[in-house]
Student: 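Supplied in C-alpha cells, the structure appears directly below.
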Amino acid sequence: MASQLYGAAELIAERGLDGTKIDDIAEVTGILKATIYYHLDGKNGVLAFLLSDLLDLIAGEVGVAISSAEDARTRLEAAVAAQLGVMVEHPFLCRALVGDLGRATRLPELAVALRTAFYEPIEQLLSEGVADGSLRQVADPGAVAMSVFGAITVAGSAPRSRDPQRIQLRTRLAARRRSAS
C-alpha cells in the first residue's frame, strides 16, 4: 500500500489537499477508499504519510552529509545539497510539502520529524561552525535553520532546479569548493 500512495503525491501537489477528494486519491492509487480511511484516517493521513516519508529521506541524506570530518561550513553545504537532492528526486512530494506546509507543521508528528530531520542538525552545525571558525555567530540558530529549510524546499520545487545539467553543474561546483578549502 505504501508504494501505491506515492501516486497521490502528484495529485495533492497539483490540487492541494483541500482540492483533492479521497475518491480521487483512491482512483489514482488503486487503493479502496475504505482502506485509506481504515489505515490513514483520510486524506490528512495520506499527506502525513507522504511528508513523513519525505522527512525520513531528508534525515537520512542530511545525516550522511553532516557525518564527515570536514569543517562545519563544508558539512552545512553538503547538508543543503543533500536536502536539495531529495527534493529534486521527489518533486511531487516537495510541491505537496510547499503547498500544504502550514497544515503539515500543525501535525505534531510531522513537526517533530522536521525538527529531528533538519532543524536540529543544522542548528548543531551552526554552533560547531562558530567553534571551528568556519561560520559566524547568528542571533537565532533555530530561525536560520527554518529559513534554510524553507529556501531549499522552495528552490527544490522550482522546475529549473530539476534540470539534470543544472544538478550536475551544482554538484561539480560544490565538489570544487570542498576540494579548494
Side-chain angles (χ1 to χ4, degrees), residues 6 9 12-13 16 47-181:
Y6 287 102
I12 294 169
L47 178 66
F49 168 81
L50 292 170
L51 297 184
S52 177
D53 199 54
L54 177 66
L55 292 173
D56 285 347
L57 291 169
I58 291 170
E61 293 298 318
V62 168
V64 169
I66 66 172
S67 66
S68 77
E70 303 285 337
D71 65 24
R73 179 186 174 128
T74 302
R75 290 182 289 140
L76 178 59
E77 290 172 356
V80 167
Q83 184 194 341
L84 185 58
V86 170
M87 298 297 188
V88 168
E89 288 175 27
H90 303 280
F92 296 118
L93 288 175
C94 181
R95 286 182 35 226
L97 174 62
V98 169
D100 284 295
L101 188 57
R103 180 189 321 262
T105 57
R106 286 190 304 271
L107 299 170
E109 65 276 8
L110 287 179
V112 169
L114 179 56
R115 178 137 197 76
T116 303
F118 196 80
Y119 296 165
E120 289 173 358
I122 298 306
E123 289 173 29
Q124 182 65 35
L125 284 177
L126 293 171
S127 174
E128 291 174 12
V130 171
D132 72 19
S134 63
L135 297 169
R136 65 179 174 82
Q137 180 80 37
V138 295
D140 187 348
V144 171
M146 271 193 248
S147 297
V148 169
F149 181 84
I152 298 166
T153 301
V154 171
S157 68
R160 285 179 38 170
S161 67
R162 294 189 292 271
D163 177 1
Q165 290 178 335
R166 284 185 176 278
I167 295 167
Q168 198 173 44
L169 176 61
R170 281 194 303 266
T171 303
R172 283 198 314 264
L173 290 172
R176 277 192 209 145
R177 274 184 287 191
R178 280 193 291 273
S179 66
S181 333

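Count residues from 1 along the sequence.
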Student: What I'd like to find out is whether the side chain of L76 reaches to under 4.5 Å of the side chain of I122, using heavy atoms alone.
Tutor: yes
Student: Below 4.5 Å, heavy atoms only, C-beta onward: do F118 and I152 meet side chain to side chain?
Tutor: yes
Student: Listed by chain and number, what are the salt bridge (charged side-chain N to carboxylate O under 4.0 Å, His left out) partners of R73, not counting sequence neighbours?
Tutor: E77
Student: Within the structure provided, determine whether E123 and R115 are in side-chain contact (heavy-atom separation under 4.5 Å).
Tutor: yes
Student: Hey, does the side chain of D71 reach the backbone of D132 with a donor-acceptor pair shorter than 3.5 angstrom?
Tutor: no
Student: Going by salt bridge (charged side-chain N to carboxylate O under 4.0 Å, His left out), name the residues that satisfy it together with E128, two or more places apart in sequence or in a different chain.
Tutor: R75
Student: Can you tell me how far the NE2 atom of H90 sits from the CG atom of L57, to the nearest 0.5 Å?
Tutor: 4.5 Å
Student: When you compare the side chain of F92 with that of L50, does any pair of heavy atoms fall below 4.5 Å?
Tutor: no
Student: Roughly how far, to the nearest 0.5 Å, is CZ of R95 from CD1 of I12?
Tutor: 12.0 Å
Student: Sequence neighbours left out, what passes salt bridge (charged side-chain N to carboxylate O under 4.0 Å, His left out) with E89? Give chain and number order.
Tutor: none
Student: Taking the side chain from T116 and the backbone from V112, do they hold a donor-acceptor pair closer than 3.5 Å?
Tutor: yes
Student: Quick one: pull up CG in L51 and CG in L114 and give me the separation to the nearest 0.5 Å.
Tutor: 10.0 Å
Student: Specify the closest pair of heavy atoms between V62 and A79, including all atoms of both residues, with the distance to one decimal.
Tutor: CG2-O, 3.9 Å
Student: Taking the side chain as C-beta and beyond, is there a heavy-atom pair between C94 and T153 under 4.5 Å?
Tutor: yes
Student: Evaluate side chain to side chain contact (heavy atoms under 4.5 Å, CB included) for Q83 paired with V148, printing each intermediate quantity in order.
Tutor: CA-CA 10 Å; Q83 184 194 341; V148 169; 5.5 Å; no
